[in-house]
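Take a look at the structure below.
On a predicted model such as this, the values are computed, not experimentally measured, just so you know.
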Protein chains: 2
Amino acid sequence: MEYKIQELADLAGISSRTLRYYDKIGLLKPGRIHSNGYRVYGGAEVDLLQQILLYREMDVPLEEISKILHAPNFDRKVALQNHLRALSDHRDRLNLLIETVQKTISAEKGGILMKDHAKFEGMKKNMIEENEKKYGKETRAHFGDKVVNESNAKLMGLTQKQFEDHETLTTLLNQTLVRALEEGDPGSPLAQKACELHKQWLGSFWSEYSKEAHLGLVQMYVDDSRFKAYYDAIAPGTAEFLLEAMKRYCQ
Amino acid sequence: MEYKIQELADLAGISSRTLRYYDKIGLLKPGRIHSNGYRVYGGAEVDLLQQILLYREMDVPLEEISKILHAPNFDRKVALQNHLRALSDHRDRLNLLIETVQKTISAEKGGILMKDHAKFEGMKKNMIEENEKKYGKETRAHFGDKVVNESNAKLMGLTQKQFEDHETLTTLLNQTLVRALEEGDPGSPLAQKACELHKQWLGSFWSEYSKEAHLGLVQMYVDDSRFKAYYDAIAPGTAEFLLEAMKRYCQ
DNA sequence: TATAAACTATGACGCAACGTCAAAGTCAAG
DNA sequence: CTTGACTTTGACGTTGCGTCATAGTTTATA
């Protein structure tokens with residue numbers, strides 16, 4: 001199927017001016033030029049535009065997109081797989097950002113202080129993971145785990161040791177949660193241990209603590225269907241269970 | 001706690017040049033100026049910067065951010081709630097985009113044609129939902145359901161009627177899946193009915209059909225832990241169940 | 001104490017990716 | 001045929017910084 005410029009623009013949700021600009025810089029030429037001078041785009045151009053817009057979604061500069069797409073070894077299928085990974089990473093960062101806002105809200109409502117560095121968790125920045133989104137560059141493999149972890153630690157206002165301890169705590173917390181869930185009693189010593197571990201985990205983000213704020217945060221986990229689903233992926237029912245455990249922990 | 005310019009920039013993951021620019025345009029003034037002429041930022045500025053970066057995350061222009069933040073009735077708690085909603089919507093759009101890429105990959109691998117309009121599902125565009133992200137403007141309430149649905153239908157290359165049928169089909173598919181899951185047999189007529197409904201659902205995105213492509217897509221749902229969690233939120237085990245049902249459907 | 005490197009300031013130029021507008025040709029419907 | 005919608009090219013402008021130069025201030029080390 002063929003499209004005139006506004007038709008393709010409407011299809012893709014961009015402006016015709018953008019398409020003319022892409023033509024001018026050689027990024028996306030029309031399939032052919034009609035005898036009346038109008039640009040005509042076909043199926044190949046549609047697929048190319050999809051690629052371009054996926055790269056733009058990740059803020060890749062047009063010049064770089066042009067290099068990628070016009071390389072002799074460009075492979076659409078490989079590119080699509082890379083888009084998938086980049087989008088998935090981006091979604092992960094958004095989840096982190098959402099959790100940061102949730103922690104901020106809980107701290108605010110609970111009348112406690114949140115650590116300054118924690119307020120920017122997940123923001124766009126030159127995190128090494130951010131660079132990993134630039135297609136196929138396995139940054140961790142390139143730089144090694146140590147450099148990546150050092151960078152992450154710095155961003156969290158932690159020393160390397162503290163960061164590793166935090167990672168260990170996260171793992172322990174999840175394991176404890178699962179075991180407590182299997183027991184099935186939100187008031188059990190194991191479940192209460194999980195709440196205590198979660199409190200310790202929050203110590204990386206809040207410079208003070210209140211049970212009110214803690215409970216509010218866990219309530220928000222449950223209220224957000226995607227977060228609930230995420231925690232439930234650890235083991236089904238985890239989010240609700242943690243909330244029930246927290247209710248007892250806070251008495 | 002107080003920060004010099006680079007300290008705050010590092011904390012927030014932005015450049016000092018950005019902070020100077022924000023100072024110059026009056027968006028974010030330092031808390032005070034040291035006797036040596038250096039900018040000094042405090043807790044209030046940290047909180048303000050968090051707000052600014054959250055708005056920037058959603059591509060809100062600086063001038064608009066300034067109006068919002070400097071309005072007499074600006075309420076930080078309300079703003080944080082609005083950020084939460086905007087981020088959640090953005091994450092939803094990313095999920096849609098991920099699914100679009102998945103459908104594209106499956107169609108490519110299955111050697112079938114995908115509809116052109118479907119290739120741009122979820123892309124940034126002037127969707128009315130996109131406008132809804134601009135803080136507290138309840139677009140659906142403002143314009144009404146009919147206008148929103150018409151807009152969505154147009155974007156999907158559907159008439160209003162077709163769009164509504166598609167929505168109905170989605171609901172029926174989910175309901176059928178849940179009932180089939182309760183039966184517990186992936187080969188049951190009900191489970192096979194669900195697969196048939198999913199095939200019909202895909203008709204809005206693929207101009208042709210192949211079982212290979214269909215199976216590949218459902219496999220991808222299961223392989224993405226977040227999508228798996230999303231489908232499992234309908235009812236735990238839904239994603240895996242659909243995959244098992246599809247294996248029988250494709251024989 | 002002196003020195004050099006790192007940090008801070010201001011000013012200014014430049015850039016990417018379009019948005020907006022003007023002027024003129026083409027198309028389609030009444 | 002007329003008019004409004006669509007297309008073209010060309011050009012100016014905008015936003016949000018990045019980059020660089022120059023000069024003052026701070027910090028760590030010998």
> So, is A:N36 near the phosphate of C:dG25, with a side-chain N or O under 4.0 Å from OP1 or OP2?
Replying inline: no
> Within the pair B:Y22 and D:dG16, is there a side-chain N or O less than 4.0 Å away from OP1 or OP2?
Replying inline: no
>> Among C:dA17, D:dG18, C:dC27, which nucleotide has an atom closest to any side-chain atom of A:Y21?
In response: C:dA17
>> Assuming nearest nucleotide by heavy-atom distance, tell me which of B:D23 and A:S35 is located more 5' along DNA chain C.
In response: B:D23
> What residues, two or more places apart in sequence or in another chain, satisfy ring-ring contact (aromatic ring centres under 6.0 Å, His included) together with B:Y209?
Replying inline: B:H214
To the nearest Å, give me how far apart [atom1] ([X]) and [atom2] ([N]) are.
{"X": "A:Y41", "N": "D:dC6", "atom1": "OH", "atom2": "P", "answer": "17 Å"}
{"X": "B:K24", "N": "D:dG16", "atom1": "NZ", "atom2": "P", "answer": "14 Å"}
{"X": "B:I25", "N": "D:dC17", "atom1": "CD1", "atom2": "P", "answer": "8 Å"}
{"X": "A:I52", "N": "C:dC18", "atom1": "CD1", "atom2": "C1'", "answer": "14 Å"}
{"X": "B:I65", "N": "D:dT15", "atom1": "CD1", "atom2": "C1'", "answer": "12 Å"}
{"X": "A:R56", "N": "C:dA16", "atom1": "CZ", "atom2": "P", "answer": "12 Å"}
{"X": "B:M58", "N": "D:dG16", "atom1": "CE", "atom2": "P", "answer": "16 Å"}
{"X": "B:D59", "N": "D:dC17", "atom1": "CG", "atom2": "P", "answer": "11 Å"}

>> Please determine whether the number of non-hydrogen atoms from other residues, nucleotides or ligands lying under 6.0 Å from atom NZ of B:K109 exceeds 12.
In response: no
>> Just checking B:E63: does its CD atom have more than 12 heavy atoms from other residues, nucleotides or ligands closer to it than 6.0 angstrom?
In response: no
> Is any side-chain heavy atom of A:N95 closer than 4.5 Å to a side-chain heavy atom of A:I98?
Replying inline: yes
>> Between B:I14 and B:L8, is there a side-chain heavy-atom distance shorter than 4.5 Å?
In response: no
>> Is the ring pair A:F205/A:H166 parallel, tilted or perpendicular, if the boundaries are 30 and 60 degrees?
In response: perpendicular
Pairs: protein N or O with nucleotides 5-8 of chain C N or O, under 3.5 Å:
| unit_1 | atom_1 | unit_2 | atom_2 | d |
| --- | --- | --- | --- | --- |
| C:dT8 | OP1 | B:Q6 | N | 3.3 |
| C:dT8 | O4' | B:Y38 | OH | 3.2 |

> Under 4.0 Å between a Lys/Arg side-chain N and an Asp/Glu carboxylate O for A:R20 and A:D23?
Replying inline: no
> Does B:V40 offer a backbone N or O that forms a donor-acceptor pair with the side chain of B:R32 under 3.5 Å?
Replying inline: no
> Hey, do the aromatic rings of A:H83 and A:Y55 have their centres closer than 6.0 Å?
Replying inline: yes
Protein-nucleotides 10-14 of chain D N/O pairs under 3.5 Å:
| unit_1 | atom_1 | unit_2 | atom_2 | d |
| --- | --- | --- | --- | --- |
| D:dA11 | N6 | A:R17 | NH2 | 3.4 |

> Start at the 5' end of DNA chain D and walk down; is the nucleotide closest to B:E63 or to B:S15 reached first?
Replying inline: B:E63
